[in-house]
Protein chains: 2
Amino acid sequence: MTDKPLSGRKAQAARNDKLILEAAHEVFVADPEAPIAEVAKRAGVGISALYRRYPSKEDLLRKLCADGLARYLELVSEAVEAEGDPWEAFRAFMRGVVLADTPSITVRLAGTFTPSPEMFKAAVDGDAANREMMKRFKSAGILRADVENGDLQMVTESICSINIGDAERTRAVRLRALELYLEALREPGAAPLPGSPVSDEEMGARWIPRNMKE
Amino acid sequence: MTDKPLSGRKAQAARNDKLILEAAHEVFVADPEAPIAEVAKRAGVGISALYRRYPSKEDLLRKLCADGLARYLELVSEAVEAEGDPWEAFRAFMRGVVLADTPSITVRLAGTFTPSPEMFKAAVDGDAANREMMKRFKSAGILRADVENGDLQMVTESICSINIGDAERTRAVRLRALELYLEALREPGAAPLPGSPVSDEEMGARWIPRNMKE
DNA sequence: ACCACACCAGAAGGAACCGTTCTGTTCCGG
DNA sequence: CCGGAACAGAACGGTTCCTTCTGGTGTGGT
């Protein structure tokens, strides 16, 4: 409570900016359909403090999702540019995604707002970077050849769907599940995988707002 | 449409029994918070046809969940009593759970109703059978020693959280993800798993109705 | 010293949703 | 030919939740 430059209306506002984003992140990760009042309560501010910053709930969600997308892009970039043991780079990437919980804030929220053009761009960029990353890891011989981008998405998404009350414990259990998966992703695979991985179109279809479906 | 004994009010009623349960299954698997009118529409019946059979939505959900639990018990029993290749028995069990989608109809619905005493019994029985199954597979040397019951639950649950529009395609993608996991579950594991598996208490905590939380 | 304004907390408005009940109809069975 | 079981869907009432509105407070400029 007793921050450093406590006084100043501007300072409080700046602090609230951060408080609100953090609260929104926590709340919507826990429940994508949470009411906006929950965010305000968690942040310890009034509702009007929210509406001063974001014109609507949808805008807040979009911002949150864009941040998550950006974080994901960072992680991919790190993985692509990493030097040293490729396997550890891959492992770090996957752990990073699970720890940052980006699937919960991107795909899980998808469909609740109309994506902004920037987000489309981020998606395209991310796709390219993803592809680059897969290529690198495969040519390094650490990733089995028959896993593809869609497979990784499914792995991280399904792991991030694990949720058991306590946040700390949830994180631990997810990392445990990840370790299982990692073992299976590593080259060489025992038997070929059945079916085909999730395609880009299939992944993309989830981003169209629910209102516009069918 | 042209069934065998098409006429008869009793016959239609019996047919509706089934239609309603099937529709409810589909609807609530797709969206656990779906309105009850959605079930009626999917079943092609009126709302009153539903309320004639179940006193309330909660009762319908409970019935659905109980059926899912029973199906799960069947699968465990089959696995325990299976003869022949233990690995194939285990694999069949996991595929069975994923295909029947029992996690979506049990755990995912948990908390939306107060469990019936029968369900508690089923849970206890299931637990014992589960334990028996794990013991068998481990002593057969096909399951790595450091995976436990909670791990399997997490695996099936997270796989069943995968969902991409089309039902048929979703099934295929889930089976693909399962194959990855299976490889990782098989003895011998490369490295020990981190953390501890989800405990029975943790799993059980999710069944207490949301109203009663905190 | 003081005041205009940025900022904020929380109540009020108003619309949408949904579980349940109610009304009127159909058609089997005796 | 009638009594009533079964049904479709409208109506009701309660709840939820986004958004706007009201009233209050402290700050920075003058």
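Naming convention: chains lettered A, B, ... in sequence-line order (proteins, then strands); numbering from 1 in each chain. Everything quoted here is computed from the prediction, not taken from an experiment.
Salt bridge B:R136/B:E132: absent, no basic N to carboxylate O contact under 4.0 Å. Between B:R108 and B:E157 there is no salt bridge, since no side-chain nitrogen of the basic residue lies less than 4.0 Å from a carboxylate oxygen of the acidic one. A salt bridge is absent between A:E179 and A:R176: the closest approach of a Lys/Arg side-chain nitrogen to an acidic carboxylate oxygen does not fall below 4.0 angstrom. Electrostatic pairing of B:K121 and B:D125 counts as a salt bridge here, judged by a charged N lying under 4.0 Å from a carboxylate O.
A donor-acceptor contact shorter than 3.5 Å links the side chain of B:R174 to the backbone of B:I162.
Residues A:A129 and A:V80 approach most closely at O-CG2, 4.0 Å, considering heavy atoms.
Between the CG atom of A:L50 and the P atom of D:dT19 there is a distance of 11 Å, rounded to whole Å. When the C1' atom of D:dA6 is taken as reference, atom CD1 of B:I20 falls 11 Å away, rounded to whole Å. Straight-line distance from the CG atom of B:L19 to the C1' atom of D:dC7: 14 Å, rounded to whole Å. The interatomic distance linking A:D31 (CG) with D:dT16 (P) rounds to 14 Å, in whole Å. Rounding to whole angstrom units, CZ of residue A:R42 and P of C:dG10 are separated by 17 Å.
B:R52 has no side-chain polar atom (N or O) that falls below the 4.0 Å cut-off from OP1 or OP2 of C:dT21. The phosphate of D:dA6 (OP1 or OP2) has no side-chain N or O of B:R15 nearer than 4.0 angstrom. For the OP1/OP2 pair of D:dA6 and a distance below 4.0 Å, the side-chain nitrogens and oxygens of B:N16 include no atom meeting the criterion.
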Kindly give the atom pairs (protein nitrogen or oxygen, nucleotide nitrogen or oxygen) under 3.5 Å for nucleotides 16-20 of chain C.
unit_1, atom_1, unit_2, atom_2, d
C:dG19, OP1, B:K57, NZ, 2.3
C:dG19, OP2, B:I36, N, 2.8
C:dT20, OP2, B:Y51, OH, 2.6
C:dT20, OP2, B:K57, N, 2.9
C:dT20, O5', B:Y51, OH, 3.4

